[in-house]
There are 2 protein chains.
Amino acid sequence: MDAEARQHRLELLTDRSAASGLPVTAQRRAVLETILDMNNHPSADQVHAAVLAKMPEVSRATVYRSLDTLVDFGLLVRLCHPGRVARFDPRTSAHHHLICLRCDAVRDFEDERLNQIDPPDTSSHGFALQDLRVQLRGVCSACLEKENTT
Amino acid sequence: MDAEARQHRLELLTDRSAASGLPVTAQRRAVLETILDMNNHPSADQVHAAVLAKMPEVSRATVYRSLDTLVDFGLLVRLCHPGRVARFDPRTSAHHHLICLRCDAVRDFEDERLNQIDPPDTSSHGFALQDLRVQLRGVCSACLEKENTT
DNA sequence: TTAAGTGCAAAAGCTTTGCGGGTAG
DNA sequence: CTACCCGCAAAGCTTTTGCACTTAA
């Protein structure tokens, strides 16, 4: 994420905290700063490991709690993927993903045509639609190579 | 699932087992039969509970192992959703989902227009695309009501 | 001052695995 | 016969929670 967008996201933390009447703690800021610099859709544990580099005393529990709060604030998104551990994405605007069914890798996929899909009408289900994302499921290049080698 | 499709799926179990040189066990068949009759995208534990009704001695471990095998056979799909427990879907053909970000409900969504989306070219990423599914993320009717009540 | 947050350690789920005995092909 | 599977129980992971102390505002 570029410096300007990063800065803006950090300001949003201040705003959302004030709006909710919650304090801005050093730990929450560190978690947000850290994940803004990662682009692998990290798990909570990966975030924790990365936060330790800049703040060696942070506990795992705090990272879990901070991630929850940041998701509530709308500063992060909890990803949908077939694996068993929660993963987080600092890109909150709707975009699309390549999902590897072998190794569970999740990779951003940019496609103008997919962005322009008109959201369908979900009101007959009483459903309040927030965003539309396309999952492109298949096998990633790394797993394909591994298969050919074996 | 209608009777004919259900029957066909059970025959596929025999075929895929033979193709892999694996035996068709009563337990695997029971797990498949059970999940074909559920349409709530159940978790492994929910499948286990349902299998117990027709086969009271099945262990949880066997259900987990059977579900894995059935996914390998392509008779089930592991769902993508924001929650923390694995959930399974006997509908293996690509279709779309309403995903509730509050309660994690996953509901099938039929839409002809979404079915007709042309898959993008993912070859530049070295990615072998298998299918395209749209996630419609938002808040389901049950959660909306709960919110209005509070 | 005070509501909220933090670290620690323990608990709580969900899922996987090692093992001895059983079974499909 | 042989490879694979089953049930059981234990272990493994990820995530949540209770508690005493600290901190942002």
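Each chain gets a letter, A, B and so on, in the order its sequence line appears, and its residues count up from 1.
The phosphate of dG7(D) has OP1 or OP2 within less than 4.0 Å of a side-chain N or O from Gln27(B). Applying the 4.0 Å criterion to OP1 and OP2 of dT6(C), one finds that Thr25(A) has a side-chain N or O inside that range.
Residue order along DNA chain C, read from the 5' end via each residue's closest nucleotide, puts Ser66(A) first among Tyr64(B) and Ser66(A). In this structure, Pro23(B) and Arg84(B) both approach DNA chain D, and ranking their closest nucleotides by distance from the 5' end singles out Pro23(B). Along DNA chain C, the nucleotide closest to Asp45(B) and the one closest to Leu22(B) are compared, and the more 5′ of them pairs with Asp45(B).
Following rounding to the nearest Å, Arg29(A) (CZ) and dT6(C) (P) show an atom-to-atom distance of 12 Å. Separating the CD atom of Glu57(A) from the C1' atom of dC21(D) is a distance of 15 Å, rounded to the nearest angstrom. For the pair Arg65(B) CZ and dT16(C) C1', the computed distance is 9 Å after rounding to whole Å. If you take CG of Leu79(B) and P of dC14(C), they are 17 Å apart, rounded to a whole angstrom. Distance Met55(A) CE to dT6(C) P: 9 Å, rounded to the nearest Å. Here the P atom of nucleotide dC13(D) and the CG atom of Asp104(A) are 17 Å apart, to the nearest Å. As rounded to whole Å, 11 Å separates atom P of dC4(D) from atom CZ of Arg28(B). Nucleotide dC4(D) holds its P atom 17 Å from the CG atom of Asp68(B), rounded to whole Å.
Of the candidates dA24(D), dG7(C), dT15(D), dT15(D) carries the atom nearest the Arg60(A) side chain, counting heavy atoms from C-beta on. For Ala61(A), the side-chain atoms get nearest to dC8(C) when compared with the rest of dC5(D), dC8(C), dC8(D). Relative to the side chain of Val58(A), the nucleotides dG7(C), dC6(D), dG25(C) differ in distance, and dG7(C) lies closest.
In this structure, His125(A) and Phe109(B) have tilted ring planes: the angle between them lies in the 30° to 60° band.
In terms of modelled atom types and a separation under 3.5 Å, the side chain of Arg102(B) and the main chain of Val139(B) share no donor-acceptor contact.
Nucleic acid contact class of Ala44(A) (heavy atoms, under 4.0 Å, all strands): sugar-phosphate only.
Atom CD of Glu57(B) has 12 or fewer heavy atoms from other residues, nucleotides or ligands within 6.0 Å.
The cluster map of Ile, Leu, Val, Met, Phe, Trp and Tyr, joined by side-chain heavy atoms under 4.5 Å apart, puts Phe127(A) and Leu101(B) in different clusters.
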**Study point:** ring-ring contact (aromatic ring centres under 6.0 Å, His included) evaluation trace for His81(A) with His97(A)
**Key:** CA-CA 9 Å; His81(A) 68 114; His97(A) 286 133; 9.6 Å; no

